[in-house]
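Data first, discussion second: the structure below is written as structure tokens.
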Amino acid sequence: MSESKNNISAPAPVEGRPPVVLQVLPALVAGGVERGAVDIAGALVQAGCVSLVASEGGPMAYELQRVQAEHVTLPLGTKNPVGMWRNVKRLRQLIRARNVDIIHARSRAPAWSAYYAARAEGIHFMTTFHGAYGHGSEIKRTYNSIMARGERVIAPSRYIADHLASVYGVGADRLRCIPRGVDTRIFAPEAVSAERVIQLAEQWRLPETLPLVLLAGRFTRGKGQTDLIHALARMKDMEFACVIAGADQGGSRFRTELEKLIASVGLGDRVWLVDHCNDMAAAYMLANVVVSASSHPESFGRTIGEAQAMGRPVVATDHGGAPEQILAGVTGKLVKPGDQEALAEGIRWALGLSHHMREQIAAAAITNIRGHFTKEQMCNATLAVYGELLG
């Protein structure tokens with residue numbers, strides 16, 4: 001392995017030319033899967049590789065242009081078997097045209113197409129297993145199993161690594177645990193100006209004197225917005241404001257339900273639902289506590305890492321990858337999933353911290369993320385896996 005700029009390790013050349021890596025995923029909308037794909041695409045370019053990403057496109061496609069990676073528009077979001085089979089042919093044409101060496105699948109439907117295209121063209125196939133997909137039936141396990149067929153299978157947390165080993169039998173020879181990384185150049189307290197914080201507070205029309213509770217995540221039932229609202233309803237004796245930020249997932253029905261719930265529990269003047277925030281670093285700076293209340297185990301909660309990188313205490317549900325990120329009692333609190341009273345107590349703890357305690361937590365949280373969960377660490381580890389495959 002050789003070193004390139006920005007401390008990114010580069011896989012060795014292939015037949016005297018730079019390695020070509022193709023990542024495939026359904027689309028480039030906001031989310032952890034997409035963020036990981038963009039980060040790795042940029043790292044490949046920095047390492048002198050040819051970096052391709054194929055998807056249906058989306059708002060994050062411009063970020064690939066910014067890091068000088070190339071986006072190829074293909075209908076990879078389809079789950080229709082005929083469409084998936086047609087994508088095999090499309091991917092084979094792309095592999096041949098661009099001399100692709102590795103195809104890296106990040107989602108199940110495109111992974112099936114990528115797997116057969118890679119086999120037909122004799123190139124390397126690998127995956128990142130982003131979530132503990134439902135596997136209650138044989139049909140679901142079979143559909144999911146494509147993500148466990150890579151020559152290398154990346155798990156973003158030990159929780160997912162254990163799931164892969166126990167459910168799909170992925171052995172240590174193929175399994176690599178690489179936590180998602182936080183960009184600590186963006187998510188650093190010193191990198192956020194007071195003007196940005198003030199601008200966001202004015203945009204959200206926040207009261208100046210109230211401590212802020214923040215939950216950021218798509219408006220879907222699994223993200224725990226309902227549990228948070230019920231928890232806050234138990235805390236009316238305390239002064240606080242709350243922002244629940246996120247994008248609607250496939251419609252506004254759930255958001256409307258949340259609005260009705262907020263009104264019914266008497267929190268209409270304390271809890272605000274806002275659209276997806278484009279300056280999350282400033283949002284964390286505004287917050288006194290960041291909540292991750294997911295009702296289902298997540299492989300790796302992105303907001304948990306980002307909030308700690310900004311020195312904010314985190315209250316999160318105690319399952320999935322969250323216990324691996326939070327130093328319980330040191331950088332945040334872990335609470336039983338679905339336990340609204342425990343969630344309320346965790347938020348009370350965070351809002352009641354003294355200035356001195358908040359400073360101690362901030363220092364410990366920042367040290368935790370910069371030591372174990374940085375974007376650079378994630379990129380170097382992933383490029384090392386590419387290097388394994390290329391010999």
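Within the structure, ring-ring contact (aromatic ring centres under 6.0 Å, His included) pairs that include any residue of residues 63-110 comprise His104-Tyr386 (at least two apart or interchain). Applying the ring-ring contact (aromatic ring centres under 6.0 Å, His included) definition to pairs two or more places apart or across chains, none involves residues 302-356. For residues 31-66, there are no ring-ring contact (aromatic ring centres under 6.0 Å, His included) pairs, not counting sequence neighbours. Sorted by first and then second residue, the side-chain hydrogen bond (donor to acceptor under 3.5 Å, both in side chains) pairs involving residues 329-339 (not counting sequence neighbours) are Gln308-Thr331.
Looking at Arg302 and Glu306, a side-chain N of the basic residue comes within less than 4.0 Å of a carboxylate O on the acidic one, giving a salt bridge. A salt bridge links Glu63 with Arg66: at least one charged nitrogen is closer than 4.0 Å to a carboxylate oxygen. Ionic pairing of Arg98 and Glu70 is present here: one or more N-O contacts between side-chain nitrogen and carboxylate oxygen are shorter than 4.0 angstrom. For the pair Arg35 and Asp39, the salt-bridge criterion is met [side-chain N within less than 4.0 Å of a carboxylate O].
Distance alone, capped at 3.5 Å, is enough to place a donor-acceptor pair between the Arg176 side chain and the Asp173 backbone. At least one donor-acceptor pair under 3.5 Å links the side chain of Thr127 to the backbone N or O of Met147. Judged purely by atom type and a 3.5 angstrom limit, Arg158 has no side-chain atom pairing as donor or acceptor with the backbone of Cys177. Between the side chain of Ser113 and the backbone N or O of Met84 there is at least one donor-acceptor pair closer than 3.5 Å. Arg312 places a side-chain N or O within 3.5 Å of a backbone atom of Met285 that can act as its donor or acceptor partner. Between the side chain of His163 and the backbone N or O of Tyr159, no donor-acceptor pair lies under 3.5 Å. Side-chain atoms of Thr184 never come within 3.5 Å of backbone atoms of Phe187 as a donor-acceptor pair (strictly under, hydrogens ignored). Under a 3.5 Å cut-off, the side chain of Thr374 and the backbone N or O of Arg370 do not form any donor-acceptor pair. Side chain of Thr317 to backbone of Ser294: a donor-acceptor contact under 3.5 angstrom is found. Side chain of Ser107 to backbone of Pro110: no donor-acceptor contact under 3.5 angstrom is found.
Between Val100 and Leu52, some side-chain heavy-atom pair lies under the 4.5 Å cut-off. Residues Pro156 and Pro179 are not in side-chain contact: their nearest non-hydrogen atoms beyond the backbone lie 4.5 Å or more apart. Residues Leu390 and Asp101 meet the side-chain proximity criterion, which asks for heavy atoms closer than 4.5 Å. Proximity of Val289 to Leu351: side-chain heavy atoms (C-beta onward) are separated by under 4.5 Å at one or more points. Between Val271 and Val265, the closest side-chain pair of non-hydrogen atoms is not below 4.5 Å. Two residues are said to be in side-chain contact when any heavy atoms from C-beta on lie closer than 4.5 Å; Leu76 and Asn87 meet this criterion. Under the 4.5 Å side-chain criterion, counting only non-hydrogen atoms from C-beta, Pro189 is in contact with Ile366. Here the side chains of Pro323 and Leu334 are in contact, with some heavy-atom distance below 4.5 Å.
Within the model, atoms CD1 of Ile160 and CD1 of Ile154 stand 13.5 Å from one another, a figure rounded to the nearest 0.5 Å. To the nearest 0.5 Å, atom CD1 of residue Ile304 and atom CD of residue Glu324 are 10.5 Å apart.
Note on ring orientation: taking the six-membered ring where Trp is involved, the planes of Tyr116 and Trp112 are parallel (angle under 30°, cut-offs 30° and 60°). Note: Tyr168 and Phe129 have tilted aromatic rings, judged against thresholds of 30 and 60 degrees for the angle between ring planes.
Heavy-atom contacts from other residues, nucleotides or ligands closer than 6.0 Å to CZ of Arg86 number 12 or fewer. Atom CZ of Arg96 has more than 12 neighbouring heavy atoms from other residues, nucleotides or ligands inside a 6.0 Å radius. Shown here is Lys236, whose NZ atom has more than 12 heavy atoms of other residues, nucleotides or ligands within 6.0 Å. Taking a 6.0 Å sphere around CD of Gln68, one finds it holds 12 or fewer heavy atoms contributed by other residues, nucleotides or ligands.
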Begin with the C-alpha distance, continue with both residues' side-chain angles, and end with the deciding distance and a verdict on side-chain contact (heavy atoms from CB on, under 4.5 Å) for Met126 and Glu151. CA-CA 5 Å; Met126 62 175 283; Glu151 294 173 64; 5.5 Å; no
Pair Val330, Ile361 - check side-chain contact (heavy atoms from CB on, under 4.5 Å), show working. CA-CA 6 Å; Val330 178; Ile361 288 172; over 6 Å; no
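Every residue was checked against the side-chain hydrogen bond (donor to acceptor under 3.5 Å, both in side chains) condition with Thr382, not counting sequence neighbours, and none meets it. Looking at residues two or more places apart in sequence or on another chain, you find a side-chain contact (heavy atoms from CB on, under 4.5 Å) between Asp183 and Arg185, Ile186, Lys375. With sequence neighbours excluded, the residues forming a salt bridge (charged side-chain N to carboxylate O under 4.0 Å, His left out) with Lys223 are Glu298, listed by chain and number. In this view, Asp275 and Arg255 satisfy the side-chain contact (heavy atoms from CB on, under 4.5 Å) rule, not counting sequence neighbours. Contacts of His276 classified as side-chain contact (heavy atoms from CB on, under 4.5 Å), with partners at least two apart in sequence or in another chain: Ala30, Ala247, Asn278.
Heavy atoms only, all atoms of each residue included: Pro313 and Asn288 are closest at CG-O, 3.3 Å. Glu56 and Thr78 get closest at one heavy-atom pair: OE2-N, 3.9 Å. Leu383 and Pro11 make their closest contact through O-CG, 3.8 Å (heavy atoms, listed as atom of the first residue, atom of the second, distance). Pairing each heavy atom of Arg106 with each of Gln23, the nearest pair is NE-OE1, 2.7 Å. Taking all atoms of both residues into account, the shortest heavy-atom contact from Leu91 to Ala117 is CB-CB, 3.8 Å. Residues Met235 and Phe240 share a closest heavy-atom pair of O-CE2, 3.4 Å.
For Phe373 and Phe300, the ring centers are positioned less than 6.0 Å apart. In this structure, the ring of Phe219 has its center no less than 6.0 angstrom from the ring center of Phe254.
Each of Val243 and Leu267 belongs to its own hydrophobic cluster when Ile, Leu, Val, Met, Phe, Trp and Tyr are linked at side-chain heavy-atom distances under 4.5 angstrom.
Cluster note: Val38 groups with Leu25, Leu28, Val33, Val53, Met60, Leu64 through ILVMFWY side-chain heavy atoms spaced under 4.5 Å, whether in direct contact or through intervening members.
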Under 3.5 Å, side-chain donor or acceptor atoms of residues 224-231 against the rest of the protein: list the pairs with distances, not counting sequence neighbours.
unit_1: Gln225; atom_1: NE2; unit_2: Arg218; atom_2: O; d: 2.8
unit_1: Asp227; atom_1: OD1; unit_2: Gln340; atom_2: NE2; d: 3.0

Which pairs of donor and acceptor atoms, one on a side chain in residues 197-210, lie under 3.5 Å apart (sequence neighbours left out)?
none

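Side chains of Asn144 and Arg108: a donor on one and an acceptor on the other come within 3.5 Å. Side-chain polar atoms of Arg221 and His296 form no donor-acceptor pair below 3.5 angstrom.
In summary, of the residues considered (Asp279, Val192, Val290), a side-chain contact (heavy atoms from CB on, under 4.5 Å) with Tyr284 occurs for Val290 alone.
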